[in-house]
Amino acid sequence: MSGDPIEALAEARRAGRTVVLATTVRTEGDPPSAAGNRALFAADGELLAGTVGCNGLDRKAGGDGRALAEAGERSAVRTYTSFEGEPGEGAVEVFLEAFRARPGLLVAGGGPVADALGRLGAIVGLAVRAEPAAGIAGLAAGLGPLDAVVFADHDDPELLDALIAVLRGGAGYVGVMGSRRHTPGFAAGLRSAGLDPARVHSPTGLDIGARVPPEIALAILAEVLAVTRGRPGGPLTIL
């Protein structure tokens with residue numbers, strides 16, 4: 001990650017990470033900071049880039065940034081008058097701004113539909129990541145209820161192990177592409193592992209009559225959004 005807070009912020013947003021940007025907006029006296037100083041913190045308060053002015057201020061701003069992210073708040077202003085033993089005196093006013101992680105779309109496998117799904121997912125603001133099925137297990141623990149995993153290859157020999165890992169995590173949507181005749185194969189394996197196959201959307205997607213890869217990707221993405229947002233996925237018409 002870049003050492004420049006603004007560049008690091010752009011990198012974090014592309015990666016779909018929650019971060020907090022701290023900017024010194026005003027000082028009084030002779031504190032160890034200056035207006036315009038910036039630091040970027042991870043959601044847990046870890047310093048990622050820049051500095052508010054000194055280690056003591058970074059620890060304070062990082063802790064307040066963590067609290068801001070945990071509370072789901074957008075921004076806050078904090079004033080610090082002690083610097084944990086660092087030289088200087090006065091006051092430092094810091095503006096904290098949280099940038100929320102974008103929901104993620106993890107596409108396992110490749111092919112025309114996977115490629116189209118990645119393009120459409122990016123258009124609607126999802127943090128898209130493509131991985132082989134074998135690499136999914138290591139990512140499963142970091143997925144949350146707004147995140148989705150779509151397996152593009154129902155014949156992948158790593159599919160069952162990857163599905164087990166994902167279902168033991170917190171992903172809000174898990175889908176497997178393929179026809180109805182492919183589903184029973186991995187469903188039995190999931191039952192043997194003590195997992196409920198009904199948590200998997202397979203075949204994945206809403207029935208919109210999709211035929212070509214972009215249409216199939218659209219149908220899948222529509223179901224992903226409906227499920228992760230708690231919506232039925234039906235028509236909106238009132239007539």
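Note that the numbering runs from 1 along the sequence shown for the chain. Basis for what follows: all heavy atoms, side chains included, without hydrogens, waters or symmetry-related copies. Model, not experiment: these values are computed from the prediction.
For the atom pair CG (D147) and CG (L105), the distance works out to 9.0 Å, reported to the nearest 0.5 Å. Taking CD1 of I220 as the reference point, atom CG of L225 lies at 12.0 Å (rounded to 0.5 Å). Atom CG of L117 is separated from atom CG of L221 by 6.0 Å, given to the nearest 0.5 angstrom.
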**Request:** Check step by step if side-chain hydrogen bond (donor to acceptor under 3.5 Å, both in side chains) holds for T24 and S33.
**Result:** CA-CA 7 Å; T24 298; S33 184; 2.9 Å; yes

**Message:** I'd like to know whether E11 forms a salt bridge (Lys or Arg N to Asp or Glu O under 4.0 Å) with R13, so could you lay out the CA-CA distance, the side-chain angles of the two residues, the decisive distance to 0.1 Å, and finally the verdict.
**Reply:** CA-CA 5 Å; E11 291 177 22; R13 299 200 73 186; over 6 Å; no

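In this structure, F41 and R66 have side chains that are not in contact, with every pair of non-hydrogen atoms separated by 4.5 Å or more. The closest side-chain heavy-atom distance from F151 to D156 is not below 4.5 Å. Using a 4.5 Å heavy-atom cutoff, the side chains of P132 and E158 are not in contact. The side-chain heavy atoms of H201 and V176, taken from C-beta on, include no pair separated by under 4.5 Å.
Under the 4.5 Å side-chain heavy-atom criterion for ILVMFWY residues, a single connected hydrophobic cluster contains both L190 and V174.
Between the side chains of E223 and Y173, at least one donor-acceptor pair of N or O atoms lies under 3.5 Å.
Around atom CZ of R229, no more than 12 heavy atoms belonging to other residues, nucleotides or ligands sit under 6.0 Å away. Atom CG of D207 sits in a sparse spot, with 12 or fewer heavy atoms from other residues, nucleotides or ligands closer than 6.0 Å. Other residues, nucleotides and ligands contribute at most 12 non-hydrogen atoms within 6.0 Å of the CD atom of E89.
Judged by a 6.0 Å distance limit and a 45° cone about the ring axis, R74 is positioned over the six-membered ring of F99.
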